[in-house]
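Remarks on the structure that follows.
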4 protein chains.
Amino acid sequence: MRFELNFKSSKPVYLQVVDQVKAAVASGAARPGDTLPSIRPLAEELRVNRNTIAKAYTELEHQCVITTRTGRGCFISDADSPLHKEARLQLVTEEMDQAVIQAHHLQIDRDEFLQLALTRFDAFAQRRLTASDE
Amino acid sequence: MRFELNFKSSKPVYLQVVDQVKAAVASGAARPGDTLPSIRPLAEELRVNRNTIAKAYTELEHQCVITTRTGRGCFISDADSPLHKEARLQLVTEEMDQAVIQAHHLQIDRDEFLQLALTRFDAFAQRRLTASDE
Amino acid sequence: MRFELNFKSSKPVYLQVVDQVKAAVASGAARPGDTLPSIRPLAEELRVNRNTIAKAYTELEHQCVITTRTGRGCFISDADSPLHKEARLQLVTEEMDQAVIQAHHLQIDRDEFLQLALTRFDAFAQRRLTASDE
Amino acid sequence: MRFELNFKSSKPVYLQVVDQVKAAVASGAARPGDTLPSIRPLAEELRVNRNTIAKAYTELEHQCVITTRTGRGCFISDADSPLHKEARLQLVTEEMDQAVIQAHHLQIDRDEFLQLALTRFDAFAQRRLTASDE
DNA sequence: GTGGTCTAGACCACC
DNA sequence: GTGGTCTAGACCACG
């Protein structure tokens with residue numbers, strides 16, 4: 001699993017790690033049961049402090065993306081997201097609203113926006129399919 | 001000009017303001033010479049501290065997006081030219097991809113996702129319409 | 001709000017703080033909208049590091065017990081627990097099972113156990129009522 | 001003797017074992033001279049590392065609850081006498097209060113709580129029965 | 001070896 | 001003033 005950090009971003013490093021793990025899971029690149037890199041080596045590789053990675057992993061556990069077993073390591077959770085549909089839709093809605101705001105400010109019209117939603121969704125699904133063929 | 005703030009985002013409020021002004025300029029929705037809302041009323045409307053808006057405007061001036069003339073107000077600079085449609089789409093695409101990742105991670109299917117794109121876009125358009133009637 | 005820490009307990013200090021805030025909310029001693037002690041003074045008062053309190057507050061926010069607004073402070077959430085009933089019952093079940101295990105090992109029989117559940121629940125409700133009369 | 005472990009508790013696994021043995025002794029369910037399960041099979045049954053069980057037994061020996069005779073096994077010491085009923089109820093009450101706090105915090109009402117106490121108690125009794133049939 | 005907790009102290013962003 | 005992030009390094013518990 002490869003991580004790319006941008007230390008100049010306003011997004012905290014630990015959240016960048018969180019998002020990249022979630023993206024890996026979402027895309028199928030990381031599968032349930034897979035072990036994540038252990039904290040210390042990963043911290044060294046990314047040139048950040050151990051606590052920063054630990055914080056990212058804690059956050060991921062809160063979000064039920066991974067499970068950690070002390071002394072054993074951290075693993076991708078196998079359970080489907082335990083959140084109810086309503087709660088899950090709420091989370092996606094928050095992201096979607098960011099895109100909507102951006103679209104309106106940039107004068108992207110309704111048709112273009114829907115077209116974009118469609119193509120990006122499918123492009124991602126395609127990448128996911130490819131990953132699972134490996 | 002309408003602003004949409006998300007207080008729980010990791011992106012600081014003042015940067016959300018900066019980005020939304022820049023997006024308006026990039027799209028041509030805000031034109032050189034247009035005046036921005038003055039600090040105090042805007043801060044009140046958005047329920048944030050005046051310093052937060054002041055900081056956003058300072059940042060925008062540093063980036064040469066606006067010019068402030070003390071005692072007169074803040075204006076869009078002449079320098080910038082609206083981005084081509086392609087460049088604007090690229091910016092929205094980045095936001096859309098975040099929503100796509102979230103959707104896949106939360107097992108939202110294609111139809112639900114497109115439905116969401118549609119409803120949130122229209123909901124926002126509706127809110128703008130209502131606001132402009134006031 | 002008073003905190004009592006036991007540094008010899010195997011329960012981490014930050015979790016003791018979490019539990020005591022939750023108990024205060026549950027009992028009605030802390031009400032929605034109330035502000036929690038700020039991190040630095042509380043850390044000083046309890047003779048622990050600022051990070052320890054910060055960790056406790058982060059955990060409480062994850063559990064939707066409090067909301068924190070950077071630069072303003074931490075507040076008891078006003079929303080009802082957003083968890084669905086099923087999820088909430090699950091959490092109580094985990095605690096109940098601890099009591100059940102203890103009861104079986106200690107040879108407490110069914111009637112005694114149910115009697116205990118009843119009296120402790122009512123005793124707590126009573127304390128809560130008293131608190132809200134203040 | 002049956003053990004019930006909760007891997008997500010903040011209480012370490014080895015202490016859960018310690019407490020459950022002590023509870024059995026306190027109630028008289030385990031009597032002086034009784035042999036405890038040997039380490040390897042128990043570790044296997046509970047899916048934990050042998051060291052974890054060994055640590056629990058070491059701790060129990062330090063507390064003079066058991067005596068280990070190398071090559072023969074571990075036995076309940078003669079020293080302890082079962083606690084009076086009142087003392088045992090006190091121990092269960094502590095656990096019950098945790099469940100009560102959780103229930104109030106999660107807005108579980110009186111009837112639901114008592115129902116839960118009943119079903120979990122019986123579910124546990126049932127599991128014990130089934131296990132002893134094996 | 002693994003992850004978890006805690007400290008001490010720095011710097012930043014927001015109000 | 002507030003909370004948020006990050007570092008450096010300590011000690012513990014678990015496997």
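Naming convention: chains lettered A, B, ... in sequence-line order (proteins, then strands); numbering from 1 in each chain.
- Side-chain nitrogen and oxygen atoms of C/Lys55 include none within less than 4.0 Å of the OP1 or OP2 phosphate oxygen of E/dC6.
- In this structure, the nucleotide among F/dT5, E/dG3, F/dT2 sitting nearest to the side chain of A/Pro12 is F/dT5.
- Distances shown here put every side-chain N or O of A/Thr68 at or beyond 4.0 Å from the OP1 or OP2 atom of E/dT2.
- Computed from coordinates, the C/Glu59 CD to E/dC6 C1' distance equals 16 Å when rounded to whole Å.
- Qualifying side-chain hydrogen bond (donor to acceptor under 3.5 Å, both in side chains) partners for B/Lys55, counting only residues two or more places apart in sequence or in other chains: none.
- Atoms CD (C/Glu44) and P (E/dG9) sit 13 Å apart, rounded to a whole Å.
- For C/Tyr14, the side-chain atoms get nearest to E/dC6 when compared with the rest of E/dC6, E/dT2, E/dT7.
- Spacing between atom NZ of A/Lys8 and atom P of F/dC6 amounts to 16 Å, rounded to whole angstrom units.
- When each of A/Arg72 and C/Arg72 is assigned the nucleotide of DNA chain F with its nearest heavy atom, C/Arg72 is the one assigned upstream, toward the 5' end.
- In terms of phosphate contacts, C/Thr70 brings no side-chain nitrogen or oxygen within less than 4.0 Å of OP1 or OP2 of F/dT2.
- At a cut-off of 3.5 angstrom, counting only N and O atoms as typed in the model, there is no donor on one side facing an acceptor on the other between the side-chain of C/Asn51 and the base of F/dG3.
- Stretches of at least 3 consecutive Watson-Crick or G-U wobble pairs, with each checked distance under 3.5 Å, appear in DNA chain F as E:1-14 with F:1-14.
- Counting only distance, with no hydrogens or angles, the side chain of B/Thr68 and the backbone of B/Cys74 share no donor-acceptor pair below 3.5 Å.
- Atom CD of D/Glu61 sits in a crowded spot, with more than 12 heavy atoms from other residues, nucleotides or ligands closer than 6.0 Å.
- Not a single donor-acceptor pair, N or O on each side, falls under 3.5 Å between the base of E/dG3 and the side chain of A/Arg69.
- Computed from coordinates, the A/Ile53 CD1 to E/dG3 P distance equals 11 Å when rounded to whole Å.
- We find that CD1 of A/Ile39 is positioned 15 Å from C1' of F/dT7, with the value rounded to whole Å.
- The nearest whole Å value for the distance from the CG atom in A/Leu15 to the P atom in F/dT5 is 7 Å.
- Taking CD1 from B/Ile101 and NZ from A/Lys22, the interatomic distance works out to 9.5 Å, rounded to the nearest 0.5 Å.
- Nucleotide F/dC6 holds its C1' atom 18 Å from the NZ atom of A/Lys11, rounded to whole Å.
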side-chain hydrogen bond (donor to acceptor under 3.5 Å, both in side chains) for A/Gln63 and A/Glu59? Distances and angles first, verdict last. CA-CA 6 Å; A/Gln63 296 185 16; A/Glu59 178 64 25; 2.7 Å; yes
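- Listed by first then second residue, pairs satisfying ring pair (Phe, Tyr, Trp, His ring centres under 6.0 Å) with a partner in residues 27-64 of chain C read A/His62-C/His62, not counting sequence neighbours.
- The phosphate of E/dT7 (OP1 or OP2) has a side-chain N or O of C/Thr52 nearer than 4.0 angstrom.
- Nucleic acid contact class of A/Arg50 (heavy atoms, under 4.0 Å, all strands): base.
- Using modelled atom types, no side-chain atom of D/Gln20 and backbone atom of C/His105 make a donor-acceptor pair closer than 3.5 Å.
- Counting to the nearest Å, the C1' atom of F/dA10 and the CZ atom of A/Arg40 are 11 Å from each other.
- Residue A/Val48 is classed as a sugar-phosphate contact, given heavy-atom separations below 4.0 Å to backbone atoms only.
- Between A/Tyr57 and E/dG3, a side-chain N or O to OP1/OP2 separation shorter than 4.0 Å is absent.
- Between the CG atom of A/Leu42 and the CG atom of A/Leu36 there is a distance of 8.5 Å, given to the nearest 0.5 Å.
- Between A/Pro41 and C/Asn49, the one whose closest nucleotide on DNA chain E sits nearer the 5' end is A/Pro41.
- Where C/Gly71 and A/Phe7 meet DNA chain F, the nucleotide closest to each residue was compared, and C/Gly71 sits on the side nearer the 5' end.
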